[in-house]
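This report refers to the structure that appears directly beneath it.
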Amino acid sequence: PAAAASTPMHPEPARAYVRDARGFWVQLGAFRDRQAALELQQRAAREFAAVGPLLAVFNEQGLHRLQAGPYAKRDNALRAAQRLHELLQLKPLIVRRN
């Protein structure tokens with residue numbers, strides 16, 4: 001109970017900004033507004049807890065791209081994308097970072 005009381009109600013999103021990492025990533029969305037990307041990040045982490053630690057927002061070419069990864073194999077990324085589609089009604093993309 002004491003530990004629960006010290007847990008923040010709205011923790012910071014996992015890995016909000018990271019450097020590029022090689023592998024396959026599942027892109028959930030691209031936004032001009034950083035807050036919109038962070039809100040989707042929180043929603044995705046809430047709906048699909050296993051993906052929460054893999055979520056990152058990349059700031060590229062004026063857009064904030066919410067992606068989950070990296071996955072070593074495209075098949076793993078595809079499975080995650082299918083699950084995200086089912087849970088969040090999104091159409092994720094698979095992207096590869098080299």
Side-chain angles (χ1 to χ4, degrees):
S6 65
T7 304
M9 293 276 299
H10 301 287
E12 284 296 311
R15 294 175 41 196
Y17 283 91
V18 299
R19 295 177 187 227
D20 291 352
R22 293 180 178 190
F24 294 96
W25 290 76
V26 179
Q27 182 168 302
L28 286 73
F31 305 88
R32 290 200 184 279
D33 178 35
R34 178 179 178 264
Q35 187 60 38
L38 295 176
E39 287 172 9
L40 181 56
Q41 182 180 26
Q42 289 175 344
R43 179 175 165 226
R46 195 171 49 247
E47 298 289 328
F48 186 14
V51 82
L54 302 176
L55 293 169
V57 176
F58 294 93
N59 186 7
E60 300 170 333
Q61 300 172 352
L63 293 175
H64 302 280
R65 300 174 191 277
L66 176 59
Q67 298 178 353
Y71 295 91
K73 297 182 179 182
R74 185 176 182 81
D75 288 345
N76 295 343
L78 283 170
R79 280 193 291 277
Q82 290 169 342
R83 188 69 178 134
L84 286 161
H85 171 71
E86 292 167 4
L87 292 171
L88 301 174
Q89 303 302 307
L90 298 173
K91 292 186 179 182
L93 304 173
I94 305 297
V95 296
R96 184 172 188 173
R97 293 182 173 277
N98 296 318

Next item on the list: Using the side chain to side chain contact (heavy atoms under 4.5 Å, CB included) rule, take Asn98 and Arg22 through it: C-alpha gap first, then chi angles, then the decisive distance, then the call.
Entry: CA-CA 5 Å; Asn98 296 318; Arg22 293 180 178 190; 5.5 Å; no

Arg43 meets the side chain to side chain donor-acceptor pair (under 3.5 Å) criterion, sequence neighbours left out, with none

Close side-chain approach of [X] to [Y], heavy-atom, < 4.5 Å:
X	Y	result
Val26	Val51	no
Arg65	Val57	no
Leu90	His85	no

Indicate every side-chain donor-acceptor pair of residues 69-81 with a distance under 3.5 Å to a residue at least two apart or in another chain.
unit_1 : atom_1 : unit_2 : atom_2 : d
Asn76  : OD1    : Arg79  : NH2    : 2.4

Quick one: [atom1] on [X] to [atom2] on [Y], what's the gap to the nearest 0.5 Å?
X	Y	atom1	atom2	answer
Gln41	Gln35	CD	CD	10.5 Å
Phe31	Leu63	CZ	CG	10.0 Å
Glu39	Asp33	CD	CG	7.5 Å
Gln27	Leu84	CD	CG	12.0 Å

- Do other residues, nucleotides or ligands put more than 12 heavy atoms under 6.0 Å from the CD atom of Gln61? no

To check you understand the geometry: which heavy-atom pair defines the closest contact between [X] and [Y], and what is its length?
X	Y	value
Ala37	Leu66	O-CD2, 3.8 Å
Gln67	Val95	NE2-CG2, 3.7 Å
Leu54	Trp25	O-CZ3, 4.0 Å

Evaluate Arg97 against Phe58 for side chain to side chain contact (heavy atoms under 4.5 Å, CB included), listing each step before the verdict.
CA-CA 12 Å; Arg97 293 182 173 277; Phe58 294 93; 3.3 Å; yes

Those residues at least two apart in sequence (or on a different chain) that pass salt bridge (Lys or Arg N to Asp or Glu O under 4.0 Å) with Glu86 are Arg83

| said: Is there a path of hydrophobic side-chain contacts, each under 4.5 Å between heavy atoms, that joins Leu93 and Leu88? | reply: no

